[in-house]
Amino acid sequence: MLGTQAAVIAPEATGPEWLAYVVAFAPLSTLAAAVIAGWIAWRTLAQRREADRRDQWWQRTQWAIDLAMDPDFSRAVVGLITLRHLAGSDLCTAEDYEMLDKIGGAKIDALTLSEESAEREMQQSPAPQKQPSSARADLIPVDLGSRGEQVFAASPGMAQALVEADRLVVFAAARHRGT
């Protein structure tokens with residue numbers, strides 16, 4: 001009788017049939033889990049690297065904005081050229097293009113309004129000084145393609161700042177539209 005009991009107990013000791021398949025595929029499931037964990041780690045690293053690149057881009061952009069808004073024309077030109085270069089980056093978003101467009105427009109406004117204010121002030125001064133007829137000849141004409149108008153700059157530095165601000169506006173607007 002002992003022999004028959006052993007035969008009956010033996011199949012139950014090995015467990016259900018599906019358990020044999022689980023045991024056979026255990027190394028494969030471990031490999032699959034490792035591959036999934038590796039993919040998640042790689043995606044996390046890629047996202048972190050992209051965030052770091054974007055942060056560095058933004059720091060350079062802030063530096064360039066400060067330069068672009070500087071009253072010194074040579075510094076402003078460097079800032080505007082740098083902003084146009086940064087706008088060409090793959091890190092620049094649609095919102096960034098819109099912001100850069102507005103910055104370039106603000107620089108043009110600041111330069112042209114300051115020039116208009118200076119002219120008005122000269123005309124409204126209590127003791128008006130006679131302007132020589134060549135006063136307008138000393139001004140440098142600058143065509144603003146972004147606005148479709150021509151303005152006059154009082155100095156070569158101001159003219160260059162206007163040109164670079166206009167280039168920034170045209171470039172950022174074109175990128176923002178996707179052309």
Side-chain angles (χ1 to χ4, degrees), residues 1-111 142-148 157 159-179:
M1 197 180 290
L2 279 188
T4 23
Q5 285 180 341
V8 173
I9 295 175
E12 291 175 6
T14 60
E17 192 175 311
W18 61 269
L19 190 57
Y21 291 111
V22 170
V23 170
F25 287 109
L28 185 59
S29 62
T30 303
L31 177 63
V35 167
I36 291 170
W39 181 80
I40 291 171
W42 178 80
R43 289 293 303 148
T44 302
L45 181 63
Q47 287 175 345
R48 178 64 187 167
R49 191 177 4 206
E50 187 70 14
D52 288 345
R53 286 183 65 224
R54 176 89 175 129
D55 183 54
Q56 287 298 314
W57 180 88
W58 180 244
Q59 287 179 14
R60 287 189 292 272
T61 301
Q62 287 177 314
W63 173 82
I65 290 169
D66 289 342
L67 276 181
M69 292 302 156
D70 198 294
D72 178 12
F73 295 133
S74 60
R75 291 175 56 86
V77 167
V78 170
L80 291 164
I81 290 171
T82 304
L83 284 173
R84 191 164 36 100
H85 176 74
L86 289 168
S89 169
D90 63 334
L91 298 171
C92 199
T93 65
E95 293 84 15
D96 296 330
Y97 289 128
E98 188 175 343
M99 176 194 64
L100 293 172
D101 180 17
K102 291 182 186 306
I103 288 169
K107 186 61 178 182
I108 292 171
D109 289 343
L111 292 173
V142 177
D143 291 320
L144 298 177
S146 63
R147 297 184 177 188
Q160 186 63 35
L162 281 167
V163 166
E164 293 303 331
D166 187 55
R167 285 181 183 166
L168 174 62
V169 169
V170 168
F171 185 81
R175 285 292 183 101
H176 184 62
R177 286 190 308 268
T179 56

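Every value quoted in this text rests on a predicted model; they were computed, and no experiment measured them. Along the sequence shown, residues carry numbers from 1. Values below: all heavy atoms of this structure, side chains included; hydrogens, waters and symmetry mates excluded.
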Exercise. Atom CG in Leu100, atom NE2 in His176: separation rounded to 0.5 Å?
Worked result: 11.0 Å
Problem set entry | Exercise: identify the closest heavy-atom pair between Ala68 and Leu83 | CB-CD1, 3.9 Å
For this session: Enter the distance from Trp63:CH2 to Thr61:OG1 here, rounded to the nearest 0.5 Å.
Result: 10.5 Å
Problem set entry | Qualifying residues under side chain to side chain contact (heavy atoms under 4.5 Å, CB included), relative to Arg75, sequence neighbours excluded | Leu67, Asp70, Asp72
Seminar exercise, completed: Closest non-hydrogen atoms of Gly157 and Val77, given as atom of the first, atom of the second and distance, are O-CG2, 4.4 Å
Exercise. Counting only N and O atoms by type, is there a donor-acceptor contact under 3.5 Å from the side chain of Asp101 to the main-chain atoms of Ala172?
Worked result: no
Seminar exercise, completed: Between Met69 and Ala106 the two heavy atoms that sit nearest each other are CE-CB, 4.4 Å
Exercise. Do Leu45 and Arg49 touch side chain to side chain, with heavy atoms closer than 4.5 Å?
Worked result: yes
Exercise. If you round to the nearest 0.5 Å, how far is CG of Leu86 from CH2 of Trp58?
Worked result: 10.5 Å
Problem set entry | Nearest-0.5 Å distance that lies between atom CD in Gln56 and atom CG in Asp52 | 7.5 Å
Exercise. Hey, is the main chain of Cys92 close enough, under 3.5 Å, to the side chain of Trp57 for a donor-acceptor pair?
Worked result: no
Exercise. Taking all non-hydrogen atoms of both residues, which atom of Ser146 and which atom of Ile108 are closest, and how far apart?
Worked result: OG-CD1, 4.1 Å
Exercise. Would Asp109 and Arg147 satisfy salt bridge (charged side-chain N to carboxylate O under 4.0 Å, His left out), going step by step from the backbone distance to the final call?
Worked result: CA-CA 11 Å; Asp109 289 343; Arg147 297 184 177 188; 2.6 Å; yes
For this session: Flag the pair Ile81 / Arg167 as yes when at least one side-chain heavy-atom distance between them is below 4.5 Å, and no otherwise.
Result: no
Exercise. Rounded to the nearest 0.5 Å, how far apart are CZ of Arg60 and OG of Ser89?
Worked result: 7.5 Å
For this session: Would you kindly say whether Asp55 and Gln59 are connected by a side-chain donor-acceptor distance under 3.5 Å?
Result: yes
Exercise. What side-chain hydrogen bond (donor to acceptor under 3.5 Å, both in side chains) pairs are there with at least one residue in residues 28-40, not counting sequence neighbours?
Worked result: none
Seminar exercise, completed: Of all heavy-atom pairs linking Asp166 and Gly145, the shortest is OD2-N, 3.0 Å
For this session: Measure the spacing between CD1 of Ile65 and CD1 of Ile103 and express it to the nearest 0.5 Å.
Result: 3.5 Å
Exercise. What residue pairs, at least two apart or across chains, pass salt bridge (Lys or Arg N to Asp or Glu O under 4.0 Å) with a residue in residues 82-100?
Worked result: Arg53-Asp90, Arg54-Asp96, Arg84-Glu164
For this session: Might you point out which heavy atoms bring Leu111 and Ala161 nearest each other, and give the distance in Å?
Result: CD1-CB, 3.7 Å
